[in-house]
Amino acid sequence: MSSLARPAAHAARRAPRRSQPDNTIFRNSTPPPHLLTLADLSPAQIKTLIQNALAMKYVSKHRSPRALIPTLDKRTIAMIFSKRSTRTRVASETSVQALGGHPMFLGKDDIQLGVNETLEDTARVVGSMVDGIMARVGGHHEVETLAKYSPVPIINALSDLYHPTQILADIMALHEHYAPTHNPPEQPAEGEGTHTSVLKYFQSTVDPLKTLKGKKVAWVGDSNNISNELLVTLPRLGMEFSLAAPKGYDKVDERVWARVTEAGTQPLVKLTNTPSEALVNADVVVTDTWISMGQEQEKVERLKAFEGYQITNKMVNDAGAKEDWRFLHCLPRKQEEVDDEVFYGPRSLVFPEAENRKWTIMACFE
């Protein structure tokens, strides 16, 4: 029995039992599940999320959006965003709506988050009125505080340390590229709805962990929340991960590296200051912005530090990447990070990757 339960039990022994209404309408005292980083999920759980996302995508695009099971019917998801967003916001709002719920967007100018009201109080108050919270914050401690005090699940929509829903979309895009799925049977089994039938098909035939095991992903750019999430996730799926960043921009946060050592995946990780070293034998090349939100005043200094880091076909091929290497970028993209030939070329998976933000976020909400 938890320590939280003991006082109530003790009180029950001292006071006469009163008749109670049906407890099913009240919140459960068990702490809710949260998604703050994929490091908190097992490979099997990540696999399930990808399978579910693939099924929802197929049902929506090839059968009917109305065939989706409305698992969020009459439920409200608060979207607390203290930073601007395109893909995450659109993916989140449309996902909640598709599952029958109501998305409530709360921007930094809409509520008192961390200004005239503490994060703890916001978590308690908003969490008492909604069924889940999607939080896009600044410092990772903010989403941790929300999760600590919220009575409903929290999903990290981005913090300065991690970005779990982005990496789920990356994994899904890579799986779709390397192992396109055959269409499931047109007619669902007797007694099953379309969504359930398609989901069973994907669960029985699709294994993204098997698809991606042994692949090498090379990150060339700034060490940030995206590279952190890749670092704590991909090696646990049996993938190699190399990271090249200039000196001064290459530090891996000690909280992130602690998760790597905890998982025992150091042998699958290579850190370097030389892009060509990271790119050797790479199956996938990834980069991101060199100037994140809040770093605009460092623009001139950063552009100088990252000279020679622009992704081009010549750079990657000369370094000895696999002949059929592919490219990912979480967007928005600036040309100094990757040239048009790569970004818009046949190696690029950036637009399927972006679309998959919707399906993977939908799977998280579900």
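Computation of the quantities below employed the complete heavy-atom set of this structure, encompassing side-chain atoms and omitting hydrogens, waters and symmetry-equivalent molecules.
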To the nearest 0.5 Å, tell me how far [X] [atom1] sits from [Y] [atom2].
{"X": "L158", "Y": "R87", "atom1": "CG", "atom2": "CZ", "value": "11.0 Å"}
{"X": "T118", "Y": "Y149", "atom1": "OG1", "atom2": "OH", "value": "8.5 Å"}
{"X": "I77", "Y": "Q97", "atom1": "CD1", "atom2": "CD", "value": "12.0 Å"}
{"X": "D121", "Y": "T145", "atom1": "CG", "atom2": "OG1", "value": "11.5 Å"}
{"X": "R347", "Y": "N313", "atom1": "CZ", "atom2": "CG", "value": "5.5 Å"}
{"X": "S60", "Y": "R66", "atom1": "OG", "atom2": "CZ", "value": "12.5 Å"}

Is there a path of hydrophobic side-chain contacts, each under 4.5 Å between heavy atoms of I/L/V/M/F/W/Y residues, joining [Y] to [X]?
{"X": "L199", "Y": "M172", "result": "no"}
{"X": "L243", "Y": "V256", "result": "yes"}
{"X": "L303", "Y": "V220", "result": "yes"}
{"X": "L54", "Y": "I69", "result": "no"}
{"X": "L268", "Y": "V260", "result": "no"}

inquiry  = Does R333, at its CZ atom, have more than 12 non-hydrogen atoms belonging to other residues, nucleotides or ligands within less than 6.0 Å?
reply    = yes
Residues, nucleotides or ligands: over 12 heavy atoms within 6.0 Å of K213 NZ = no
Flag side-chain contact, heavy atom, 4.5 Å: [X] against [Y]:
{"X": "S150", "Y": "I133", "answer": "yes"}
{"X": "K322", "Y": "N281", "answer": "yes"}
{"X": "V59", "Y": "S64", "answer": "no"}
{"X": "Y201", "Y": "T181", "answer": "yes"}
{"X": "W325", "Y": "V316", "answer": "yes"}
{"X": "E355", "Y": "F351", "answer": "no"}
{"X": "D340", "Y": "Q335", "answer": "yes"}
{"X": "L234", "Y": "K215", "answer": "no"}

Answer yes or no: is there a donor N or O on one side and an acceptor on the other, between the side chain of [X] and the main chain of [Y], under 3.5 Å?
{"X": "H140", "Y": "D160", "answer": "no"}
{"X": "K148", "Y": "A123", "answer": "no"}
{"X": "H329", "Y": "L331", "answer": "yes"}
{"X": "S197", "Y": "T194", "answer": "no"}
{"X": "T265", "Y": "T261", "answer": "no"}
{"X": "S348", "Y": "G345", "answer": "no"}
{"X": "S42", "Y": "Q45", "answer": "yes"}
{"X": "E93", "Y": "V90", "answer": "no"}
{"X": "R75", "Y": "D131", "answer": "no"}
{"X": "D170", "Y": "I167", "answer": "no"}

query = So which pairs with a foot in residues 225-242 pass side-chain hydrogen bond (donor to acceptor under 3.5 Å, both in side chains), sequence neighbours left out?
reply = T37-E229
Work out which heavy atom in [X] is nearest to a heavy atom in [Y]; give both atom names and the distance.
{"X": "V280", "Y": "A319", "answer": "CG2-O, 3.4 Å"}
{"X": "M79", "Y": "S92", "answer": "CE-CB, 3.5 Å"}
{"X": "L49", "Y": "A363", "answer": "O-CB, 3.5 Å"}
{"X": "P246", "Y": "G221", "answer": "CD-O, 4.4 Å"}
{"X": "D250", "Y": "G248", "answer": "OD1-N, 3.4 Å"}
{"X": "L106", "Y": "A78", "answer": "CD1-CB, 4.2 Å"}

key: Test log, rule side chain to side chain contact (heavy atoms under 4.5 Å, CB included), inputs E366 and L99   = CA-CA 8 Å; E366 193 273 339; L99 295 177; 4.1 Å; yes
Please tell me whether [X] and [Y] have a donor and an acceptor in their side chains that are separated by less than 3.5 angstrom.
{"X": "T88", "Y": "R136", "answer": "yes"}
{"X": "W359", "Y": "N52", "answer": "no"}
{"X": "E176", "Y": "N356", "answer": "yes"}
{"X": "E117", "Y": "T122", "answer": "yes"}
{"X": "H102", "Y": "T76", "answer": "no"}

inquiry  = If you apply the rule side chain to side chain contact (heavy atoms under 4.5 Å, CB included), what do you find for M134 with T165, and how did you get there?
reply    = CA-CA 11 Å; M134 185 80 160; T165 60; 4.2 Å; yes
inquiry  = For W219, give me all partners under side chain to side chain donor-acceptor pair (under 3.5 Å), at least two apart in sequence or on another chain.
reply    = none
task = Could you walk me through whether R326 and D283 pass salt bridge (Lys or Arg N to Asp or Glu O under 4.0 Å), step by step?
result = CA-CA 6 Å; R326 291 296 180 263; D283 295 284; over 6 Å; no
inquiry  = I'd like to check the salt bridge (charged side-chain N to carboxylate O under 4.0 Å, His left out) partners of K247; sequence neighbours left out, ordered by chain and number.
reply    = none
Quiz item: cation-pi between R89 and F81, 6.0 Å / 45° = no
ask   = Can the ring centres of F306 and Y249 be said to be less than 6.0 Å apart?
value = yes
key: Worked check of side chain to side chain contact (heavy atoms under 4.5 Å, CB included) between Q310 and D339   = CA-CA 7 Å; Q310 185 193 46; D339 70 4; 3.8 Å; yes
task = Run the numbers on K61 and K57 for side chain to side chain contact (heavy atoms under 4.5 Å, CB included), then give the verdict.
result = CA-CA 6 Å; K61 300 187 76 169; K57 181 177 183 177; 3.9 Å; yes
